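Report on the structure given below.
On a predicted model such as this, the values are computed, not experimentally measured, just so you know. Hydrogens, waters and symmetry mates are skipped; everything else that's a heavy atom, side chains included, is used.
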Amino acid sequence: MPSPDRIYILADMHLKPLDAPNPLAREMAVRDNERLARFLGGIEGRGSMLVLLGDTFNFWIERRSQVVGDYFTSLSLFKAAADAGLDIHHVSGNRDFVVGEGLGFDPLTRYPGFLRLRRGFTVSRLADFGIEPHGHRFRFHQAGKTVSCVHG
């Protein structure tokens with residue numbers, strides 16, 4: 001992978017689903033998406049890479065009611081940025097387990113919003129939205145150094 005010119009890192013966004021169970025959470029989800037749209041619009045054409053450094057989405061596996069939710073607007077914002085040329089990478093945090101790690105990650109097939117079955121493997125649907133999932137670590141090279149990104 002070539003060295004990116006500019007790197008943006010977003011961590012702990014805790015994006016909420018638009019169909020959250022209570023009105024305050026739904027309001028927060030709308031505001032989160034508005035802020036995300038402004039941020040992505042502001043770096044359009046200026047950033048070559050965005051690293052989503054964990055806890056991108058606000059759910060826990062144990063709280064199944066929060067796992068299945070409407071994150072389509074948020075994911076569509078990332079897709080539009082990726083289509084405009086932004087290279088987007090995702091590192092899993094403690095609230096991102098259901099987004100998957102790419103091929104071979106398969107214990108969570110019951111969450112079709114983020115995972116899908118392909119040729120016997122469960123794969124993350126993040127790639128469908130222009131986001132490359134990396135599991136718990138993503139490495140890249142910058143200024144002759146190796147940078148390792150993990151959620152803290």
Closest heavy-atom pair, I88 versus G130, reported as atoms and distance to 0.1 Å, is CB-O, 3.7 Å
Does any part of the side chain of Y8, heavy atoms only, come nearer than 4.5 Å to the side chain of M49, both counted from C-beta?
no
Are the side chains of F138 and V150 in contact, using a 4.5 Å heavy-atom criterion?
no
Quick check: do C149 and R137 have side-chain heavy atoms less than 4.5 Å from each other?
no
Find out whether Q142 and I7 are in side-chain contact, i.e. whether some heavy atom of one side chain is under 4.5 Å from a heavy atom of the other.
yes
In sequence, state the C-alpha distance, the side-chain angles, and the governing distance for L18 and N33, and then conclude on side chain to side chain contact (heavy atoms under 4.5 Å, CB included).
CA-CA 9 Å; L18 288 173; N33 282 315; 3.7 Å; yes
Just verifying a value: how many Å separate E132 CD and H89 NE2, rounded to the nearest 0.5 Å?
5.5 Å
Minimal heavy-atom distance between L86 and S48, with the atoms involved, is CD1-C, 4.0 Å
Just checking, is any N or O donor in the side chain of S92 or H151 under 3.5 Å from an acceptor N or O on the other one?
no
In the hydrophobic clustering (ILVMFWY, side-chain contacts below 4.5 Å, transitive), which residues join M28, or is it alone?
L24
Between side-chain atoms of residues 75-82 and protein atoms elsewhere (two or more places apart, or another chain), which donor-acceptor pairs fall under 3.5 Å?
unit_1, atom_1, unit_2, atom_2, d
S76, OG, F72, O, 2.8
K79, NZ, D83, OD1, 2.9
K79, NZ, D83, OD2, 3.3

Between T56 and H90, does a side chain to side chain contact (heavy atoms under 4.5 Å, CB included) hold up when you go through it step by step?
CA-CA 8 Å; T56 304; H90 185 271; 3.2 Å; yes
Spacing of OG belonging to S148 relative to CZ belonging to R139, to within rounding of 0.5 Å
4.5 Å
Evaluate the criterion side chain to side chain contact (heavy atoms under 4.5 Å, CB included) for residue pair D87 and L50; output intermediate values, then yes/no.
CA-CA 6 Å; D87 187 20; L50 170 63; over 6 Å; no
So which pairs with a foot in residues 142-152 pass salt bridge (Lys or Arg N to Asp or Glu O under 4.0 Å), sequence neighbours left out?
none
Is the closest side-chain heavy-atom distance between M13 and L52 below 4.5 Å?
yes
With the side chain counted from C-beta on, respond yes when L53 and L10 share a heavy-atom pair under 4.5 Å apart, and no when they do not.
no
side-chain hydrogen bond (donor to acceptor under 3.5 Å, both in side chains) involving T73 - partner list, sequence neighbours excluded
none
Which atom pairs, donor and acceptor, lie under 3.5 Å between side-chain atoms of residues 35-42 and protein residues at least two apart or in another chain?
unit_1, atom_1, unit_2, atom_2, d
R35, NH2, D32, OD1, 2.9

Output all residues satisfying side-chain hydrogen bond (donor to acceptor under 3.5 Å, both in side chains) with T146, sequence neighbours left out; order by chain, then residue number.
H141
